[in-house]
Protein chains: 2
Amino acid sequence: MPANRRPVDREAKREEIVRAAAAQFLEVGFDETSMARLSAAAGVTTNTVYWYFEDKDALLVAVLDQLLADALLQREQVADRPWTEQVLWAVDRLERMRRLVAVVHARAATSPAVGAWHERFHALADDLLADGFRDAGAAEEDLAARTRVGVFVLEGLLTHPQPEQERRAVVELLTAGLHR
Amino acid sequence: MPANRRPVDREAKREEIVRAAAAQFLEVGFDETSMARLSAAAGVTTNTVYWYFEDKDALLVAVLDQLLADALLQREQVADRPWTEQVLWAVDRLERMRRLVAVVHARAATSPAVGAWHERFHALADDLLADGFRDAGAAEEDLAARTRVGVFVLEGLLTHPQPEQERRAVVELLTAGLHR
DNA sequence: ACCTGAACACCGTTCAAGT
DNA sequence: ACCTGAACACCGTTCAAGT
């Protein structure tokens, strides 16, 4: 068989496992999903998963990367809406990942791989939010603090779901005094 | 033996277990502390712990209650400082509990006992913060949103430690425009 | 290179038996 | 009422063996 055919299959199978893992992690929970259950859902044996991923944390990181890539792709479609609306859209979109936010925070303390992903994610979130606040007319001198508060509030809204109205009030307080 | 003597011993032993568990959970981590390790640290057998606590989550709740009671007691000593300073003090004080914040969020989704504790905690935090903001002169109409943002930022500062300077900038942005 | 059956050490929890 | 020794089912992970 040609040497350049295998990698395609490999990628496809890897993605199947990630997709199955994502579904289980989001619906059942990370701790609650055993490798046995996950493997069965993906249609492979337990140890096959270990051929593709070093351990359960590595699989978690792969799932996070996939979910994040999806979210960033969809974000482009709302890039021209007002800033407040964009933030609310992001909260809505990310709420599906709620259970995983807590898991990432808990595992980051133990697993270097998850810890590294967590840092990368916050660097990205900081950049996106800072750009947004700058465009919306935030003063350069309190941009950093405003961004940090923004990230914290976003995470808070994710992990402690609020009724639509309260959610909007919180985000509007965040963007108060900005010209768009 | 008198019927009113046992309860004292019982309380004492229970507290020993909670104290040992708190130390392990904070230093080693909740997931990383096995019931075997924990029992050994408390000087009892594994199943003895199950005589005092229904399961590991119930033990976690007991640990949380104890840490919270300690924190509330110490809080009284700073009750007359300016509001910004009080918030900074709280962040400093609560940072020891950092690892447990993520654990509570993760377990709350699965364990009703931890979920209930989490709700009770937020009701308390909301009350304390709302009182503080009101006293500091926040407008009544955006008190709710400001409180919510305050809680989220507090949690964010706990789980994502910042250098002293950034931390202060964030808290000052929160209390901006208030008269003390 | 990829996959498996069978085992590994360990986990939280339970139970029958003791005092 | 309190505590234990011994077991339970299950967990994430590994390894020798197959193709």
Side-chain angles (χ1 to χ4, degrees), chain A residues 1-18 20-22 24-25 28-63 100 103-104 106-114, chain B residues 1-18 20-21 24-25 28-63 103-104 106-114:
Chain A
M1 99 199 70
N4 63 350
R5 211 200 131 209
R6 272 287 170 203
V8 176
D9 290 349
R10 179 171 174 80
E11 250 328 297
K13 188 139 201 176
R14 211 190 113 101
E15 212 179 301
E16 266 176 54
I17 296 174
V18 172
Q24 298 286 320
F25 289 173
V28 185
F30 179 75
D31 286 339
E32 291 74 16
T33 303
S34 69
M35 293 299 274
R37 180 193 186 122
L38 189 155
S39 309
V44 295
T45 333
T46 318
N47 1 23
T48 298
V49 176
Y50 282 91
W51 177 258
Y52 290 91
F53 301 93
E54 199 180 337
D55 54 24
K56 205 183 177 185
D57 286 315
L59 187 47
L60 172 61
V61 168
V63 165
L100 286 186
V103 170
V104 166
R107 294 302 308 153
T110 302
S111 156
V114 178
Chain B
M1 96 197 72
N4 63 351
R5 212 200 132 210
R6 273 285 168 203
V8 176
D9 290 348
R10 180 173 172 79
E11 249 328 297
K13 188 139 201 178
R14 211 190 111 101
E15 211 179 302
E16 267 176 54
I17 297 174
V18 172
Q24 299 286 321
F25 289 172
V28 186
F30 179 76
D31 285 339
E32 291 75 16
T33 302
S34 69
M35 293 300 275
R37 180 192 187 123
L38 189 155
S39 310
V44 295
T45 333
T46 319
N47 1 21
T48 298
V49 175
Y50 282 91
W51 177 258
Y52 290 91
F53 300 94
E54 197 180 337
D55 54 23
K56 206 183 178 186
D57 286 315
L59 187 48
L60 172 61
V61 167
V63 165
V103 171
V104 167
R107 295 302 308 157
T110 304
S111 156
V114 178

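Basis for what follows: all heavy atoms, side chains included, without hydrogens, waters or symmetry-related copies. Per chain, numbering begins at 1; letters A, B, ... match sequence-line order.
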*asked:* Measure OH/B:Y52 against P/D:dA1 and give the value in whole Å, please.
replied: 12 Å

*asked:* Going by purine N1 to pyrimidine N3 plus the second Watson-Crick contact, or the G-U wobble pair, all under 3.5 Å, which nucleotide sits opposite C:dT19?
replied: D:dA1

*Starting at CD of B:E32 and ending at P of D:dG12, how long is that distance when rounded to a whole Å?*
14 Å

*What's the CD-P distance between B:E54 and C:dG12, to the nearest Å?*
16 Å

_Proximal nucleotide (of C:dC2, C:dT13, D:dC3) relative to the B:Y50 side chain_ = C:dT13

*Nearest-Å distance for atom pair CD/C1', residues B:E11 and D:dC2*: 15 Å

*Hey, are the side chains of B:R37 and B:V28 touching, using non-hydrogen atoms and a 4.5 Å cut-off?*
yes

_What contact category does A:S39 fall into here, base, sugar-phosphate, or nothing, at under 4.0 angstrom with non-hydrogen atoms?_
nothing

*Would you mind pulling out the nucleotide paired to C:dA6, Watson-Crick or G-U wobble, both distances under 3.5 Å?*
D:dT14

*Validation row: B:V44, B:V49 side chains within 4.5 angstrom (heavy atoms)*: yes

_Looking at B:K13, I'd like to know whether one of its side-chain N or O atoms comes within less than 4.0 Å of OP1 or OP2 on D:dC3._
yes

*From the list C:dT13, C:dC3, D:dT13, which nucleotide is the closest neighbour of the side chain of A:T45?*
C:dC3

_Counting only side-chain nitrogens and oxygens, does B:T48 get under 4.0 Å of the OP1 or OP2 atom of D:dC3?_
no

*Tell me: CG of B:D55 to C1' of C:dG12, nearest whole Å?*
9 Å

*Can you find a heavy atom in the side chain of A:F30 that is under 4.5 Å from one in the side chain of A:D57?*
yes

*Please state how far atom CZ in A:R107 lies from atom P in D:dG12, giving the value in whole angstrom units.*
11 Å

_Looking at C:dC2, I'd like to know if its phosphate oxygens (OP1 or OP2) sit under 4.0 Å from a side-chain N or O belonging to A:W51._
yes

*asked:* Is there a side-chain contact between B:L59 and B:Y52 in this structure, where contact means two heavy atoms from C-beta onward sitting under 4.5 Å apart?
replied: no

*How close or far is atom C1' of D:dC10 from atom CG of A:L38, stated in whole angstroms?*
16 Å

*So what does B:F53 hit on the nucleic acid, given a heavy-atom distance under 4.0 Å: a base, only sugar-phosphate, or nothing?*
nothing

*Rounded to the Å, how far apart are A:R14 CZ and C:dA1 P?*
17 Å

*Should A:R10 be listed as having a side-chain N or O under 4.0 Å from OP1 or OP2 of C:dC2?*
yes

*asked:* Nearest to the A:M35 side chain among C:dT13, D:dT13, C:dC2, which nucleotide is it?
replied: D:dT13

*Kindly compute the distance separating CZ (B:F53) from CG (B:L60), expressed to the nearest 0.5 Å.*
11.0 Å

